[in-house]
Every structure is written in structure tokens, then in C-alpha cells.
Trainee: 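So that we are looking at the same thing, I have put the structure below in C-alpha cells.
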Protein chains: 2
Amino acid sequence: MSMINIGEAARQSGVSAKMLRHYEQIGLIEPATRSDSGYRLYTPAAISTLIFIRHARDLGFSTAQISDLLHLRNDPQRASSEVKSVAEDHLQELHEQQQRLTQMISMLQEMISQCPGGNNPDCAILKKIDSMEAS
Amino acid sequence: MSMINIGEAARQSGVSAKMLRHYEQIGLIEPATRSDSGYRLYTPAAISTLIFIRHARDLGFSTAQISDLLHLRNDPQRASSEVKSVAEDHLQELHEQQQRLTQMISMLQEMISQCPGGNNPDCAILKKIDSMEAS
DNA sequence: TTTCAACCTTGACACTATGTCAAGGTCAAG
DNA sequence: CTTGACCTTGACATAGTGTCAAGGTTGAAA
């Protein structure tokens, strides 16, 4: 009943066929059952899982974190605090990335604002990079 | 006169010995001269270049962009507008990253705020990941 | 002078997440 | 039966960095 091939699974889930094979290989997902000729076959439940994975990936979760989330998703005995903890750890990482990014942006913006551009070789940006101190 | 080995060059520049070899191999920097026994020897000018590279890396420039910047840095005929253009392209990328990050953070924050935590298996975060639509 | 530690060399393999390409098997339609 | 679209596995690539192994070098102490 309604088992689909890898290409269709990729289309429906938004995860590439390549990544479906990869996720299977690293054990993130259960190996798909195979047709007589060896083609992978995906059930609707498997597709739901794949969509979950893609969404988690869109939120920037690492493969390891997604693995944790999948286990929790499959576990009816889970404590929602465990899920929350994974999410909070990730949020923390995202905040740190954001801070680093904001730092880079402000430094770069200042450098750019001090460079008049044009044909003059004298360039504030190059000088600043030479002399800057990392935050 | 004051040629130093790779370990000392790494210490002075903040670029690891491994990366010094790597940058040489990919052609980002000129091959270092060698001692009789084959050790790489770095001049003070080379160290300045390495410090420049580290700073550029701290600003998030890619290796390819750093390569461009190094060429411009070495070219007395450069137009500062060229440097500015590289910097502006990078700034643009950083802004895009920042937007993606901000999106992720706000989605994640909303999910987290809707999950009470505790031992209850009922988890808003998992549900939201299942049903979310990527921005 | 021998020895030992600390350094250097190259090369290989690892990571993350994804793409691409090649050589070959399969399926469905004409 | 051929053709095209699909599937298979495996290998290699990306970017930036780390680690490990096997071996040569250097300088200082014994």
C-alpha cells in the first residue's frame, strides 16, 4: 500500500535522494525496505519522519541533535523537558553564532564606511585588517 | 636574518602550523623557503601576511576572498573600490546569514515558549516541527 | 659523544552536510 | 526490443580544521 520510490520520497519530503541514502547509511533513519529489484520503498510514516527531519534541518539542528529529536519523537514515554532541553541548547548556539556574526558585521561595516572607493589605492579596509584586533 | 620555523610562525600569527602548510598547498601563500634540512622558514613580511590572513578569517572571509584581498594588498596599483567591493559582497552574505539565523531563532523561541517542559510527554516543540512550514 | 625532548617533515584520515559523476541494473511505454 | 527515466553503489569534491603516524632534525644535558 502506497510505498514510493526514493525519487518520489525526495520530492514529497524535500530531502534529496542523496541525503536519504546518506541518512540511512549513518543510521539517522531506519533502512528502507526494498523492492524485489533492490529499490528503496518508503511508507507514508517514513515520509512524515523525513519531513520532520527537513524541518529540523531548516531550524539549523545538527544531525546528532536531529537524531536525539527523532528518538524523543518516537518515544511515547518522553518528558517534554528533554525535547525542550535539546531545543534550548540549540537556541543557545544560534545566539552565539548571531553574536559572532553581529560582531563581524559591525567591524566590516565600519571598515567599509571609511573606505572612499574609487581608483585611489589608499584603502582603509586593508589597513584596518592589517591592524585590527579580533574581538 | 630573523627567519623563524613553522611553530614560531604559528604562535606569532595565530594561524596553526597545520593551516600554514595547508595555505601553502592550496596556493594562498607563497611557499616558504626551506632550511638545509627542509624546515619551512618565515620572514617577518610573511608573518605580517599571515596576521592579515587571520584577521580576514576572523571577519568571516572565505579562502577565495582572502586570496583576492591578498592580491589587492600586494598590488600598489589597486583601486580601493575593488577592495571595497569584496568587502561589500561579504557583508551582503553576512547579512543574509544573519537573516536566516534570526528567522531560526524566532521560530525556535516561539516553539520553546509553548512547551511547558516537565515530565509530560505532550510537547509543543515536536508538534510544531512536524507541522511547520519553512520560511 | 650519546641520548632525549622538542621540534619539523609528509601523508592519511576525520569531521559536517551536501553535490556530482560514473558504471550499471530496472521499469514502463512505444 | 529499444529508449528514457529511474534506481543502485561507490568514489570524489567542497571548506576549514584537527589528529595521528612514521620518521628526520636540532639543541642541550649528561
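All values below come from the heavy atoms of this structure, side chains included, with hydrogens, waters and symmetry mates left out. What you are looking at is a predicted structure, and each value in this text was computed from that prediction instead of being measured. Lettering of chains follows the sequences in order, A, B, ..., and the numbering in each one begins at 1.
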Trainee: Assuming nearest nucleotide by heavy-atom distance, tell me which of B/N5 and B/Q25 is located more 5' along DNA chain C.
Mentor: B/N5
Trainee: If only side-chain N and O atoms count, and only distance matters, is there a donor-acceptor pair under 3.5 Å linking B/E96 with B/Q92?
Mentor: yes
Trainee: Nearest whole angstrom, please: distance from the C1' of C/dT9 to the CG of B/D36.
Mentor: 15 Å
Trainee: Might you confirm whether atom CD of A/E30 has over 12 heavy atoms from other residues, nucleotides or ligands at distances under 6.0 Å?
Mentor: no
Trainee: When the distance from NE2 of A/H22 to P of C/dG19 is rounded to whole Å, what number comes out?
Mentor: 11 Å
Trainee: A/E110 vs A/Q114, test: side-chain hydrogen bond (donor to acceptor under 3.5 Å, both in side chains). Steps then yes/no.
Mentor: CA-CA 6 Å; A/E110 197 201 322; A/Q114 288 175 12; 3.1 Å; yes
Trainee: With heavy atoms under 4.0 Å as the rule, sort A/R57 into base, sugar-phosphate or nothing.
Mentor: sugar-phosphate
Trainee: Rounded off to whole Å, could you give me the CG-to-P distance for the A/L41 and C/dT26 pair?
Mentor: 15 Å
Trainee: So which one's nearest nucleotide on DNA chain C is more toward 5', A/K18 or B/R11?
Mentor: B/R11
Trainee: Could you please name the option among C/dC7, C/dG19, D/dC7 that lies closest to any side-chain atom of A/R21?
Mentor: D/dC7
Trainee: Can you tell me which residue among A/R100, A/Q99, A/M107 is in a side chain to side chain contact (heavy atoms under 4.5 Å, CB included) with A/Q103?
Mentor: A/M107
Trainee: Nearest to the side chain of A/R40, heavy atoms from C-beta on, is which of C/dT26, D/dT9, C/dG19?
Mentor: D/dT9
Trainee: Rounding to a whole Å, what distance do you find between A/R34:CZ and C/dT26:P?
Mentor: 13 Å
Trainee: Hey, does the side chain of A/Y23 come within less than 4.0 Å of C/dT18's phosphate (OP1/OP2), counting only N and O?
Mentor: yes
Trainee: Between C/dG25, C/dC7, D/dG18, spot the one nearest the side chain of B/S16, thanks.
Mentor: D/dG18
Trainee: May I have the distance from A/Q97 (atom CD) to C/dT16 (atom C1'), rounded to whole angstrom?
Mentor: 13 Å
Trainee: Inspect the contact between B/E24 and B/R21 and indicate whether a charged nitrogen and a carboxylate oxygen are less than 4.0 angstrom apart.
Mentor: no
Trainee: Using heavy atoms to find the nearest nucleotide of DNA chain D for A/A17 and B/S35 separately, return the residue whose nucleotide is more 5′.
Mentor: A/A17
Trainee: 5'-most contact on DNA chain D: B/S62 or B/S37, nearest heavy atom basis?
Mentor: B/S62
Trainee: Whole angstroms only, please: what is the CG-C1' distance between A/L20 and D/dC6?
Mentor: 15 Å
